[in-house]
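Read the structure below first, then the notes.
Here is how names work: the chains are called A, B, and so on, in the same order as the sequence lines, proteins then strands, and each is numbered from 1. The structure displayed is predicted, hence computed values, not measured ones.
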There are 4 protein chains.
Amino acid sequence: MPKVPRRSNRGPAAAPENRRALIDAARRVFAQRGYLAPLSAIAQEAGVGQGVLYRHFPTRLDLALAVFEQHFAELEAIAAEPDAGAFGRLWSRLLELTVEESAFVEMFLATRRDLAQTDLADRLPALIQATLPRAQAAGLVPDSLTASDVLLVQRMVYGVVATSISDDEVRDAVTRALGLLGGVLEG
Amino acid sequence: MPKVPRRSNRGPAAAPENRRALIDAARRVFAQRGYLAPLSAIAQEAGVGQGVLYRHFPTRLDLALAVFEQHFAELEAIAAEPDAGAFGRLWSRLLELTVEESAFVEMFLATRRDLAQTDLADRLPALIQATLPRAQAAGLVPDSLTASDVLLVQRMVYGVVATSISDDEVRDAVTRALGLLGGVLEG
Amino acid sequence: MPKVPRRSNRGPAAAPENRRALIDAARRVFAQRGYLAPLSAIAQEAGVGQGVLYRHFPTRLDLALAVFEQHFAELEAIAAEPDAGAFGRLWSRLLELTVEESAFVEMFLATRRDLAQTDLADRLPALIQATLPRAQAAGLVPDSLTASDVLLVQRMVYGVVATSISDDEVRDAVTRALGLLGGVLEG
Amino acid sequence: MPKVPRRSNRGPAAAPENRRALIDAARRVFAQRGYLAPLSAIAQEAGVGQGVLYRHFPTRLDLALAVFEQHFAELEAIAAEPDAGAFGRLWSRLLELTVEESAFVEMFLATRRDLAQTDLADRLPALIQATLPRAQAAGLVPDSLTASDVLLVQRMVYGVVATSISDDEVRDAVTRALGLLGGVLEG
DNA sequence: CATGAATGAGCTTTCATTCAT
DNA sequence: CATGAATGAAAGCTCATTCAT
């Protein structure tokens, strides 16, 4: 009786591959259609069934976190570098992510409340904390600057990005914003 | 061609009342459930039928604009005052709105793209422009400050508010943010 | 309290004028947007309130009938002419109405079932009946032709009009259809 | 993000079954309530959720086409028979469909404009064309009859069916109509 | 009598989630 | 384990109809 044609079932080996495909698809779809895009669209973009999506990521937030995770992994790699310039590179990359991946911003805002239940909120501070002192010891950054200040500046940059009308205006506005902040932090 | 058992009909006289009720309901519902809250929830909260909502505000944006409008009217009233202190009061109130009505922020973000088609984007700059010179002439504000700077600072404050985890943290964070900006602008 | 601005209320004298405006509007709107066009659109097109429409025409069918009525009045005027050529002119005009006013056709189809409750179905036969014998006596039409045949031919022409893909094709198709019917009836 | 208490799920195996049920339901509902009947009524009649209807038939027209398709399949089967009588049987069946399935007629009228975008309009002519010559060669049909004539006669029959007041009257009226057409085509 | 706003049922459409295969 | 169809609860939106003014 069952004459329902199926696509191949590549077996358990495909699981990690599917997971990666889903995360990539999620980033693309979230970026293109916003954080509230249909999950089915993400499954389709990833080329997998919807069931697979649910197996890997029971909730939309889980998927969002996985996307964040990739970025965090990158930032953590930078922070792990032992030299005094790590903080500067970390800040640079953070700024870039903030400016370039507007979906990153939107997703963060959309999940803000839920994020409180995760450790995400603590990871970025930790990275700053881990690298800032070394930079200050090397005289690369004023001693008066606290990790809290850095995070606050990033939130302010968020604000500029989030409220920008056009993509073109963003970079200039961010530069001016950092300018207003004086020498507190350079982009 | 539906049979229509109906309830009451307060008549056309209810129109302005309904309009006001809808705007108020929209503000509440947007604040509580976000800008993408069901319009039906707004109609219900306002105690009117869905048709009434659509008659008054054909699109979600129309409703958002009406909510904005109330705030703008208030700001414009402040800006219309002729004394040198108008700018300070305008900025104070703007800061308050930004901090207190987080829905105001979210709505602005959500409608940003559509807002480009309206004149809303120009109205706030105009208010700043109209009041800033007088404040500078009176020595209340540094001459180096431009209207553009003021708007940028507001966007930065937006960022702090938008990314705040809890409502409690907001005020303090904003204060610190303004502190980082040095004497550029006082809350 | 009631500060609801209204348009002028021209009093009872305006009633017949409104009625006519509604019928005209109905013809236009039905033609443009189909028989199921919103009644509100008709009221608006007529420049009257919706209440007026309901006062004059309680149901959509009443409005349709009024539109029909205008055409019937014209046909009845033709049929009332005493000469032998009346039938020919009646048929000519009927054919024209059938071909040109496709909304007339659509409306008739849409209201077919309801129309059975009216006397509309009998009026056209009556006109044929009243004029056909005179034409036959004058030798203008074959004696074998019955009123029933005439009506049947009209329904066949309806079919051709109703199923035409483009407006351009209609006239030619009708001509060919009448040709197939031989000399039974000339357009 | 709705909570979803669910009932049963017959699984993907139900797909073809559902598809068939939807087409059957569509035929029934279109016949009973007209082509513009609520799609929800069709889903209900088919005993499936609304989503299933939309998955199988994204638009109302898709559903209509599927219904048409069944009839066409039947007619094409007849036309595929190689004997000289195929045309006669094709015409007979076409006449029957026209007379019996008045929804078929109505649907065709309602979708006429959209149908122009499909190949449906060409398929019937093709069937006539394919079978008529053989019948003429066998002397079963006058040589003067063209495929175009056949289609025109069908449209005329359409007209009679479409304008019939009661179902009872239809057969007799069609017979008389074909009679008026002389020996052009026999039912 | 005319006006046109209010009402709310009803329909279309979309998706999150489940689950038979 | 993967697939992708089924499910059905929302929403959005439209209009026929009523009725206060």
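- Between B:Arg60 atom CZ and F:dA11 atom P the separation is 10 Å, expressed in whole Å.
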Distance-only donor-acceptor hits, side chain of residues 20-34 of chain A, under 3.5 Å, sequence neighbours excluded:
{"from": "A:Asp24", "atom 1": "OD1", "to": "A:Arg27", "atom 2": "NH2", "distance (Å)": "3.4"}
{"from": "A:Arg27", "atom 1": "NH1", "to": "A:Gln70", "atom 2": "OE1", "distance (Å)": "2.6"}
{"from": "A:Arg27", "atom 1": "NH2", "to": "A:Gln70", "atom 2": "OE1", "distance (Å)": "2.6"}
{"from": "A:Arg28", "atom 1": "NE", "to": "A:Glu45", "atom 2": "OE2", "distance (Å)": "2.6"}
{"from": "A:Arg28", "atom 1": "NH2", "to": "A:Glu45", "atom 2": "OE2", "distance (Å)": "3.3"}

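- For the atom pair CG (B:Leu53) and CG (B:Leu63), the distance works out to 6.0 Å, reported to the nearest 0.5 Å.
- To the nearest angstrom, C1' of E:dC15 lies 8 Å from OH of A:Tyr54.
- Closest contact between the side chain of B:Pro38 and the listed nucleotides F:dT3, F:dA11, E:dA5 involves F:dA11.
- Taking the nucleotide of DNA chain F with the nearest heavy atom to each of D:Val52 and C:Arg33, the more 5' of the two is matched to D:Val52.
- OP1 and OP2 of F:dC1 both lie 4.0 Å or more from every side-chain N or O belonging to A:His56.
- Judged by atom type and distance alone, A:Gln50 does not reach the base of E:dT18 through any side-chain donor-acceptor pair under 3.5 Å.
- Heavy-atom distances to DNA chain E give each of A:Gly51 and B:Gly49 a nearest nucleotide, and the one nearer the 5′ end belongs to B:Gly49.
- One can place CG of D:Asp62 at 11 Å from P of E:dT13, the figure rounded to the nearest angstrom.
- For B:Thr59, the side chain to side chain donor-acceptor pair (under 3.5 Å) criterion is met by B:Asp62, not counting sequence neighbours.
- Distance, D:Phe57 CZ to E:dT12 C1': 17 Å, rounded to whole Å.
- Note: CD1 (C:Ile42) to P (E:dG4) measures 17 Å, nearest angstrom.
- Considering only residues two or more places apart in sequence or on other chains, D:Glu74 meets the side chain to side chain donor-acceptor pair (under 3.5 Å) condition with D:Arg93.
- Whole-Å rounding puts the C:Leu36 CG to F:dT14 C1' distance at 13 Å.
- Within the structure, the ring-ring contact (aromatic ring centres under 6.0 Å, His included) test picks out the following pairs touching residues 47-69 of chain A (sequence neighbours left out): A:Phe68-A:Phe104.
- Taking a pair as Watson-Crick or G-U wobble with both distances under 3.5 Å, DNA chain F forms stems of 3 or more consecutive pairs at E:2-21 with F:2-21.
- OP1 or OP2 of F:dA2 sits under 4.0 Å from a side-chain N or O of A:Arg55.
- The side chain of D:Asn18 places an N or O atom within less than 4.0 Å of a non-bridging phosphate oxygen (OP1 or OP2) of F:dA6.
- In this structure, the side chain of C:Arg60 engages the main chain of C:Ala37 through a donor-acceptor pair within 3.5 Å.
- If you take CG of A:Leu39 and P of F:dT3, they are 16 Å apart, rounded to a whole angstrom.
- When heavy atoms are screened at a 4.0 angstrom cut-off, B:Arg19 is found touching no nucleic acid atom at all.
- For the pair B:Glu17 CD and F:dT21 P, the interatomic distance rounds to 10 Å; values are reported in whole Å.
- Under the rule for a side-chain contact (heavy atoms from CB on, under 4.5 Å), the partners of C:Arg123 that lie at least two apart in sequence or sit in another chain are C:Glu69, C:Phe72, C:Glu76, C:Asp119, C:Leu120.
- Between B:Ser40 and C:Ala37, the one whose closest nucleotide on DNA chain F sits nearer the 5' end is B:Ser40.
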